[in-house]
2 protein chains.
Amino acid sequence: MILVESDTLLAYGAINQKVSKNEMIFLEGSEPHYFFQVLEGEVKMISLNQDGKELIQGIFKSGQCFGEPPLFVDKPYPSSAVAIVDSIILKMSKKNLLALLDDKPSIAIKLLEIFALRIYNKALSAQILSNNNPEEKILGFLNMVKGDMGVENQTKIPYTRQQIADSTGLCVETVIRTLLKLNNEHKVEIKHHKIYY
Amino acid sequence: MILVESDTLLAYGAINQKVSKNEMIFLEGSEPHYFFQVLEGEVKMISLNQDGKELIQGIFKSGQCFGEPPLFVDKPYPSSAVAIVDSIILKMSKKNLLALLDDKPSIAIKLLEIFALRIYNKALSAQILSNNNPEEKILGFLNMVKGDMGVENQTKIPYTRQQIADSTGLCVETVIRTLLKLNNEHKVEIKHHKIYY
DNA sequence: CGCTCGTTTGAGAGGACTCAAGGTAGGTGG
DNA sequence: CCACCTACCTTGAGTCCTCTCAAACGAGCG
């Protein structure tokens with residue numbers, strides 16, 4: 001779901017920004033000042049734990065906005081945002097966002113829907129992360145991903161094994177071994193290292 | 001943070017409902033029709049995994065609303081709501097909630113803030129659940145709880161060990177043994193079985 | 001061809017979970 | 001005041017399985 005077309009954002013003072021692969025957009029613990037939207041490319045939100053292990057909190061693609069919640073709660077970012085590939089993002093100051101929401105209540109409602117969807121997905125994520133059976137974790141994750149893609153039939157999963165590991169709290173090797181098992185049980189299909197579910 | 005006073009809800013057609021301890025308010029997988037708010041008592045949102053293990057997604061106390069996100073995304077409940085103690089809740093139809101938000105944009109903004117806070121907390125929860133060091137899990141949880149209570153100094157943690165286990169994805173025994181260790185390391189304090197942090 | 005990024009395989013150790021049994025505290029009723 | 005009940009907390013022993021570490025393979029691209 002898309003909040004607003006980029007034209008409207010630009011009319012409200014948003015600006016373009018190029019970010020290269022692996023470049024950080026904002027850092028866990030810092031103060032939020034901007035609203036962001038992906039114009040082109042792909043952005044991940046990650047948290048690092050004390051051992052340096054990465055947790056993927058979400059991946060945002062073209063049209064999706066990200067990093068707004070802390071703007072509304074006056075708290076520092078709980079995660080960092082990093083470009084996965086060379087990307088172009090729009091950024092708009094908090095003040096302008098509030099002005100936009102004030103001018104157009106329908107956008108506020110739409111943002112409510114986006115937030116609601118994110119809460120829904122985070123409830124699913126919590127179930128995935130709390131499960132200590134790797135098979136269920138991975139199947140749960142694949143289901144969630146398909147739900148987000150709005151797909152019913154078998155489809156290629158656009159995640160690397162490392163990304164699945166970082167999203168489910170497993171290590172890569174366990175993801176690989178579990179995917180093999182799921183393949184043998186015909187619960188997923190692996191062709192040329194690509195995952196179909 | 002409180003969304004609206006109960007008077008306003010009642011004016012918009014909300015009704016009172018008594019629920020006894022352990023009574024279910026809505027069931028994981030069912031269709032959402034109502035907006036809820038706790039008047040008195042305490043309500044938990046839980047998901048059950050395939051082994052029947054319970055995950056606490058959140059606990060809501062007097063004044064707090066719960067179970068709204070699925071109303072906005074047209075999806076079934078990802079969790080069940082259960083009263084922890086005898087409680088009184090307000091319930092209002094989805095239609096009336098939308099009318100209320102339409103009439104009073106300031107409430108829509110407030111709901112945005114509540115959603116934002118919930119996303120923030122769920123980001124913290126994800127970090128806690130994905131961590132596989134029990135000490136960090138529990139300390140992370142205790143920090144989150146204190147943040148919610150708005151307390152800085154050492155305070156009594158109003159959770160049972162079982163509830164901490166169900167919130168962090170650990171088993172009770174591990175929670176107990178880890179709390180003992182944290183007590184010895186002077187990172188928490190245990191007096192008469194009560195936890196202070 | 002040679003890099004880079006992602007995937008795979010193996011061996012070993014650690015530690016959280018499970019199961020079983022008992023202990024403690026606070027409330028209720030006789 | 002005591003006995004009892006319920007809900008919660010505690011301890012011990014053993015197994016399983018995920019993580020870690022190390023090394024190598026595969027594929028895509030300039």
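Owing to the predicted nature of the structure, the values given are computational and were not obtained by experimental measurement. All values below were derived from every heavy atom in this structure, side-chain atoms included, with hydrogens, water molecules and symmetry-related copies excluded. Letters A, B, ... are given to chains in the order of the sequence lines, protein chains preceding strands, and every chain is numbered from 1.
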Can you name the side-chain hydrogen bond (donor to acceptor under 3.5 Å, both in side chains) partners of [X], sequence neighbours left out?
X        : result
B:Asp103 : B:Tyr12
A:Glu68  : A:Arg118
A:Gln154 : A:Glu189

Could you state the atom-to-atom distance from [atom1] of [X] to [atom2] of [N] in whole Å?
X        : N      : atom1 : atom2 : result
A:Ile157 : C:dT7  : CD1   : P     : 13 Å
A:Asp166 : C:dT7  : CG    : C1'   : 15 Å
A:Gln163 : C:dC5  : CD    : P     : 14 Å
A:Lys194 : C:dT7  : NZ    : P     : 8 Å
A:Ile176 : D:dA22 : CD1   : P     : 17 Å
A:Asn183 : C:dT8  : CG    : P     : 10 Å
B:Asn22  : D:dT6  : CG    : P     : 14 Å

query = Is it true that the side chains of A:Asp166 and A:Gln162 contain a donor and an acceptor less than 3.5 Å apart?
reply = yes
inquiry  = Can you tell me how the ring of B:Phe72 sits relative to the ring of B:Phe115, calling it parallel under 30°, perpendicular over 60° and tilted otherwise?
reply    =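 Judged by the thresholds at 30° and 60°, the geometry between B:Phe72 and B:Phe115 is perpendicular.
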ask   = Using the ring of each side chain (for Trp, its six-membered ring), is B:Phe141 parallel, tilted or perpendicular to B:Tyr159, with breaks at 30° and 60°?
value = perpendicular
query = A:Tyr196 and A:Lys156: side chain to side chain contact (heavy atoms under 4.5 Å, CB included), yes or no, with the steps?
reply = CA-CA 4 Å; A:Tyr196 296 84; A:Lys156 187 169 138 188; 3.7 Å; yes
Residue list, side chain to side chain contact (heavy atoms under 4.5 Å, CB included) with B:Lys75, at least two apart or on another chain =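 Per chain and number, B:Lys75 pairs via side chain to side chain contact (heavy atoms under 4.5 Å, CB included) with A:Leu117, A:Tyr120, B:Val73.
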query = Mapping A:Pro134 and B:Tyr159 to their closest nucleotides on DNA chain D, which lands nearer the 5' end?
reply = B:Tyr159
ask   = Taking the nucleotide of DNA chain D with the closest heavy atom to each, which residue, A:Asn133 or B:Leu180, is nearer the 5' end?
value =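 By nearest-heavy-atom nucleotide position, the 5'-most residue is B:Leu180.
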message = So if I take the C1' atoms of five pairs at each end of the helix from C:dC1-D:dG30 to C:dG30-D:dC1 and get each local axis, what angle do the two axes make, rounded to 10 degrees?
response =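 Taking the rotation axis at each end, their angle is 40°.
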Shorter than 3.5 Å, N or O on both sides, protein versus nucleotides 19-21 of chain D: list them out with atom names.
{"unit_1": "D:dC19", "atom_1": "OP2", "unit_2": "A:Cys171", "atom_2": "N", "d": "3.4"}
{"unit_1": "D:dC19", "atom_1": "OP2", "unit_2": "A:Thr174", "atom_2": "OG1", "d": "2.6"}
{"unit_1": "D:dT20", "atom_1": "O4", "unit_2": "A:Arg177", "atom_2": "NH2", "d": "3.4"}
{"unit_1": "D:dC21", "atom_1": "N4", "unit_2": "A:Glu173", "atom_2": "OE2", "d": "2.8"}

ask   = Is the B:Phe26 to B:Phe36 ring centre distance short of 6.0 Å?
value = yes
query = Would you say D:dC9 has OP1 or OP2 under 4.0 Å from some side-chain N or O of B:Arg161?
reply =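 Answer yes for this pair, as a side-chain N or O of B:Arg161 is under 4.0 Å from OP1 or OP2.
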